[in-house]
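What follows is a single structure, written as structure tokens, with notes after it.
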Number of protein chains: 2
Amino acid sequence: MLLSKTCIYGLRASVLLASKKQGGLEYTTIRELSDELEISFHFLTKVLQKLTKSELLESYKGPNGGVKLARDASSINFMDVVRSIDGDSLIHECALGLPGCGLLKPCPLHDQWSGLKMNIITMMQDITLKDMANNDSTGHLLKNPIQIISGK
Amino acid sequence: MLLSKTCIYGLRASVLLASKKQGGLEYTTIRELSDELEISFHFLTKVLQKLTKSELLESYKGPNGGVKLARDASSINFMDVVRSIDGDSLIHECALGLPGCGLLKPCPLHDQWSGLKMNIITMMQDITLKDMANNDSTGHLLKNPIQIISGK
DNA sequence: GTATATTAAGACTAAATACTCTTAAATATT
DNA sequence: AATATTTAAGAGTATTTAGTCTTAATATAC
Ligand code: SF4
Ligand code: SF4
């Protein structure tokens, strides 16, 4: 799996926040997010703390508190969230799990893989939370997905 | 990580076998493979058992025994090994970790992602063990990779 | 047949990831 | 000030993945 489950949770919560953001002045409680996404409240809290620390979200304690996007949804991209949660491994390490790659020591898959890897990174950099929120016609990201095609 | 460590071990051992196969009549001991690849012998044994069960490898017990490719290296592709070890999840599940995808219920990333996913699968189906063995000029797959760019 | 070399299989341990629970800190309302 | 609401932080548990170790089964050589 390219992304950790934690990372997917963070993404889904971020897209949900983006879809809520009309004025963008109000905070949404993590409880509300966790209810809508059907993710454990306590776990989501931990995940979102990472996003808050990396300043993609802002949080506020107490009544009427919660979290909100720190910037406009159109200026936060997929990759921002991935890097905040999963770190840079997607960029630095080979997604095939063969670290130590590079021009110095390309492995036998490098020619075929490096282009694909670049495409993935480019895609993640190009798509913003706003894009995802606008395109979520089915609410797929916003619910716990039902396994239609069972993968093992 | 797109592939499990177990899967990468299996791939590396398979490529090594492919590179050895001149006549293809002889068995290579798992001990020799594990020494060259610097992978734990016992663990590699378990991994290769999967490949043997799915008939990508043939094994033989006793003196002069070991494992060998069951077919010509040019007729076993990357995807064969991946499916044998990691199963079909790469194909059926979304590599982004969002199961339940498909035409019925495309998530907001589907347009961007499905093409990339297809490219990855196609690449894995197109490249054979022979290709990889021929292209391993640096022996990268055949050693425990040294982390040049440290990813976390 | 006895010893030796090898894979097969299963139980066990370790590490990483995912998840839960409790307590503390901050803020608002009264 | 007291209480309620909310995130922050940290300890603890569970599950999955990775890795080890022991024993069994199979084949060869003498
Ligand atoms: S495919 Fe490229 S990036 Fe990946 S291990 Fe090989 S050389 Fe490195
Ligand atoms: S719709 Fe496409 S991108 Fe979304 S989860 Fe399914 S396969 Fe993945």
Does B:S40 make a side-chain N or O approach to OP1 or OP2 of D:dT20 shorter than 4.0 Å? yes

Check your understanding: Are A:T6 and C:dA18 close enough that a side-chain N or O sits under 4.0 Å from OP1 or OP2?
Key -> yes

Practice item. Taking the side chain as every heavy atom from C-beta outward, state whether B:L57 and B:K68 have any atom pair closer than 4.5 Å. Key: no

(message) So, OP1 or OP2 of C:dC19: does either fall under 4.0 Å of a side-chain N or O from A:Y9?
(response) yes

Between CD1 of A:I8 and C1' of C:dA18 the distance, given in whole Å, is 14 Å

* Asked: Quick one: is B:T29 getting a side-chain N or O under 4.0 Å of the C:dT6 phosphate, OP1 or OP2?
  -> no

Does a side-chain heavy-atom distance below 4.5 Å link B:N119 with A:Q112?
no

Contact check, residues 46-56 of chain A vs DNA chain C, heavy-atom distance under 4.0 Å, returns A:K46

Practice problem: Report yes if the side chains of A:K20 and A:E32 come closer than 4.5 Å at any heavy-atom pair, otherwise no. | Solution: yes

CG of A:L109 to CG of B:D131, rounded to nearest 0.5 Å, is 10.0 Å

Between CD1 of B:I30 and P of C:dA9 the distance, given in whole Å, is 12 Å

Do other residues, nucleotides or ligands put more than 12 heavy atoms under 6.0 Å from the CD atom of B:Q125?
yes

The contact string for nucleotides 24-30 of chain D, one letter per nucleotide 5' to 3', using protein heavy atoms under 4.0 Å with B, S and - for base, sugar-phosphate only and none, comes out as --BBBS-

### Query
Does the side chain of B:F78 come within less than 4.5 Å of B:L129's, by heavy atoms?
no

From CD of A:E32 across to C1' of D:dT5 the rounded distance in Å is 15 Å

From CZ of B:R31 across to P of C:dT4 the rounded distance in Å is 17 Å

- Counting only side-chain N and O atoms of B:S59, is one of them less than 4.0 Å from OP1 or OP2 of C:dA8? yes

May I ask you to check whether over 12 heavy atoms, not counting those of A:E58, lie within 6.0 Å of atom CD?
yes

Margin query: Could you check whether any side-chain heavy atom of A:V67 comes within less than 4.5 Å of a side-chain heavy atom of A:L33, counting everything from C-beta outward?
Written below: yes

Query - Flag side-chain contact, heavy atom, 4.5 Å: B:L11 against B:I85 - result: no

When rounded to whole Å, the CG to P distance for the pair A:L33 and D:dT6 reads 12 Å

Between NE2 of B:H42 and C1' of C:dT13 the distance, given in whole Å, is 14 Å

Rounded to whole Å, the CG-P distance (A:L3 to C:dT17) equals 14 Å

A:L37 CG to C:dC19 P, in whole Å, measures 13 Å

